[in-house]
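Bear in mind the structure is a predicted one, so any value in this text is a computation, not a measurement. The basis for the numbers below is simple: all heavy atoms, side chains too, and nothing from hydrogens, waters or symmetry mates.
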Amino acid sequence: MNIHEYQAKELLKTCDVATDAGFMAQSAGDVEKRLGEVHGPPWVIKAQVHSGGRGKAGGIKLARDQAEAFGFANQILGMTLVTAQTGAKGRIVRKILVAEAAKVDKEYYLSLLIDRAAASYVFVGSTEGGVEIEKVAAETPDAIARVYVDPLSGFRTYHAAEMARKLGFSGDLPAGCSLSSPKRMFGSAQAGPLASIGLAKQLSAIMAGMFKLFVEKDASLVEINPLVKTKEGKLLAIDAKVNFDDNGLARHPDIAALRDVGEEDPNEAQASKHDLSYIKLDGTIGCLVNGAGLAMATMDIVKHYGGSPANFLDVGGSASIEKVTEAFKIILSDSAVKGILVNIFGGIMKCDVIAEGIVAASKTLGVKVPIVARLDGTNVEQGKRILADSGLNIIPAGSLAEAAELIVKEAGRF
């Protein structure tokens, strides 16, 4: 689950991460009433949508006086913001964040996520903040710093010290100086090292807060981009993104309450109500599969045979007839769908239950597009018999390759 920037910052504040001051507004009237709460001018007016690249798309403006603040609020609210992440349809801006304009000296990148290959948490940092980290990784990989945190021992001060060195915050610390017990500095060289120590300590507090939020709230990503050093020598999170593991939301009703359904694809939101994992794609062949890995393989082989998947849809391991019917409804709500490929490997899932769901959905919804079904595993013979006896035009397939080839041909004729 994704949340807005203003929500992410509020969560970071509860974990003692320093952020810029600001407030969320849904109208220019809100801005007029509350503008005095934030130090300025200038102020930054920022569109609140679940997407990066808002500045390039015109969703972030610097207001130098009250008139500009009100004008930009009116301009951004209600606009359709089109970014690389939203696609051509874009997102309608219903909320804005009005924030103080920090006096930025230098921008950095800092995030926390899970490295599954290393079975570890990993902090990712860079001196190249304010731009897409993927671009930095591709063009200047040496600018990416990583610090791994063992899940058993958790975050420690030395992790922050390591990141501070990699970001250049402690490059001029004297030998033996650490974050926990800095040596006293005297003489004309005092200002430089003490400034570095100050930044390193601030970084340690920020990383500790990020780790606390990540672990306690079952996050899958905590990202600050940019993390800025101000001209006053402070580190501030002036933009933030936090994603949460959907599987942990039941334990955090406060986090679940932050969900903005208006930012989600309507079909994806509907699918989540029925415990279905659905993502709309741009193709013409609807895919109904049980298991994320099998779904990925199914989409790949559809592409191999010249087709294009219209969706990723995982019904999970315990689908009921009602759940399968809902899955068909969601697939068929996409007018681009010209055929449906059902690929089920029955382990916990039973093939006869899937078959009954396919038949029920086809009759209830009056499905007109061709359906190719490949079933294997638990109760597969019963499942095939149910499909054969249904009297419906459901084409059986003995293998995934055969199923993919058949549905590409059938969809091409529809």
Side-chain angles (χ1 to χ4, degrees), residues 1-3 5 7-9 11-12 15-17 50-53 84-85 107-170 179 200 202-227 235 237 239-252 255 277 279 291-297 299-300 312 314:
M1 186 188 84
N2 300 333
I3 59 175
E5 174 194 355
Q7 296 168 319
K9 285 181 176 178
L11 289 173
L12 285 170
C15 296
D16 298 321
V17 175
H50 291 175
S51 175
Q85 295 179 12
E107 295 185 344
Y108 300 86
Y109 174 93
L110 186 64
S111 68
L112 175 61
L113 60 158
I114 294 174
D115 185 329
R116 298 187 185 278
S120 176
Y121 300 108
V122 60
F123 280 97
V124 179
S126 176
T127 55
E128 303 298 321
V131 297
E132 295 90 343
I133 195 64
E134 296 85 0
K135 183 178 180 181
V136 176
E139 297 180 0
T140 54
D142 291 342
I144 303 293
R146 294 177 177 83
V147 174
Y148 290 87
V149 178
D150 185 276
L152 297 179
S153 60
F155 177 77
R156 295 290 185 267
T157 304
Y158 65 81
H159 294 118
E162 182 180 354
M163 183 60 78
R165 285 194 296 272
K166 291 182 176 182
L167 295 182
F169 292 162
S170 55
L179 294 180
Q202 291 179 63
L203 181 67
S204 182
I206 288 170
M207 291 174 68
M210 292 171 68
F211 191 81
K212 175 181 170 65
L213 175 59
F214 194 102
V215 173
E216 292 187 358
K217 298 299 185 181
D218 289 317
S220 56
L221 171 70
V222 176
E223 179 184 78
I224 299 173
N225 187 28
L227 171 69
L235 290 181
D239 200 348
K241 178 179 181 180
V242 181
N243 296 346
F244 297 93
D245 186 341
D246 291 347
N247 295 310
L249 291 178
R251 301 196 297 182
H252 307 290
I255 299 299
S277 296
I279 299 173
L294 188 60
M296 297 297 288
M299 292 190 294
D300 284 346
F312 169 103
D314 175 13

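Between Met296 and Phe312, some side-chain heavy-atom pair lies under the 4.5 Å cut-off. For the pair Leu112 and Val124, the minimum side-chain heavy-atom distance is 4.5 Å or more. Between Leu213 and Val242, the closest side-chain pair of non-hydrogen atoms falls below 4.5 Å. Under the 4.5 Å side-chain criterion, counting only non-hydrogen atoms from C-beta, Leu203 is in contact with Met163. Side-chain atoms of Val222 and Leu12, non-hydrogen and from C-beta on, do get closer than 4.5 Å to each other. Side-chain contact between Ile224 and Lys241 is absent, with no heavy atoms from C-beta onward closer than 4.5 Å. Side-chain atoms of Leu227 and Leu110, non-hydrogen and from C-beta on, do get closer than 4.5 Å to each other. Proximity of Phe244 to Ile3: side-chain heavy atoms (C-beta onward) are separated by under 4.5 Å at one or more points.
Across all their heavy atoms, Leu235 and Gln202 have their closest contact at N-OE1, 2.7 Å. Ile114 approaches Tyr121 most closely through the heavy-atom pair CG1-CD2, 4.1 Å. The shortest non-hydrogen separation linking Ala160 to Met207 is CA-SD, 3.7 Å. Among all heavy-atom pairs drawn from Ser220 and Leu113, the shortest one is O-CB, 3.9 Å. Scanning both residues, His159 and Val147, for their nearest heavy atoms gives O-CG1, 3.8 Å. The two residues Gly129 and Pro226 come nearest to each other via the heavy atoms C-CB, 4.4 Å.
Residues meeting the side-chain hydrogen bond (donor to acceptor under 3.5 Å, both in side chains) test with Asp142, sequence neighbours left out: none. Remark: Phe123 engages Phe155 in a ring pair (Phe, Tyr, Trp, His ring centres under 6.0 Å) (not counting sequence neighbours). Legend: residues meeting side-chain hydrogen bond (donor to acceptor under 3.5 Å, both in side chains) with Ser51, ordered by chain and number and at least two apart, are Thr83. Asp245 is linked by a side-chain hydrogen bond (donor to acceptor under 3.5 Å, both in side chains) to Asn247, counting only residues two or more places apart in sequence or in another chain. Here Gln7 pairs with nothing under the side-chain hydrogen bond (donor to acceptor under 3.5 Å, both in side chains) rule; sequence neighbours left out.
Interatomic distance, NE2 of His50 versus CD of Gln85, reported as 11.5 Å (0.5 Å rounding). Considering CG of Asp150 and CZ of Arg156, their distance stands at 9.5 Å, rounded to 0.5 Å. With rounding to the nearest 0.5 Å, the separation of NZ in Lys9 from CG in Asp239 is 6.0 Å. In this structure, Cys15 SG and Ile206 CD1 are separated by 12.5 Å, a value rounded to the nearest 0.5 Å. To the nearest 0.5 Å, atoms CG (Asn243) and CG (Asn2) are separated by 4.0 Å. Rounding to the nearest 0.5 Å places OH of Tyr158 at 4.5 Å from OG of Ser153.
Looking only at distances, a side-chain donor or acceptor of Asp314 sits under 3.5 Å from a matching main-chain atom of Gly291. Between the Ser204 side chain and the Thr157 main chain, no donor and acceptor come within less than 3.5 Å of each other.
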**Message:** Working note: Phe169 + Tyr108, criterion ring pair (Phe, Tyr, Trp, His ring centres under 6.0 Å); need CA distance, chi angles, decisive distance, verdict.
**Reply:** CA-CA 11 Å; Phe169 292 162; Tyr108 300 86; 4.9 Å; yes

**Request:** Would you please test Leu249 and Ile255 for side chain to side chain contact (heavy atoms under 4.5 Å, CB included) and show each step?
**Result:** CA-CA 7 Å; Leu249 291 178; Ile255 299 299; 3.9 Å; yes

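Among pairs with a residue in residues 214-224, those fulfilling salt bridge (Lys or Arg N to Asp or Glu O under 4.0 Å) read Lys212-Glu216, Lys217-Asp254, Asp218-Arg251, at least two apart in sequence or across chains.
A side-chain donor from one of Tyr148 and Asp115 sits under 3.5 Å from a side-chain acceptor of the other.
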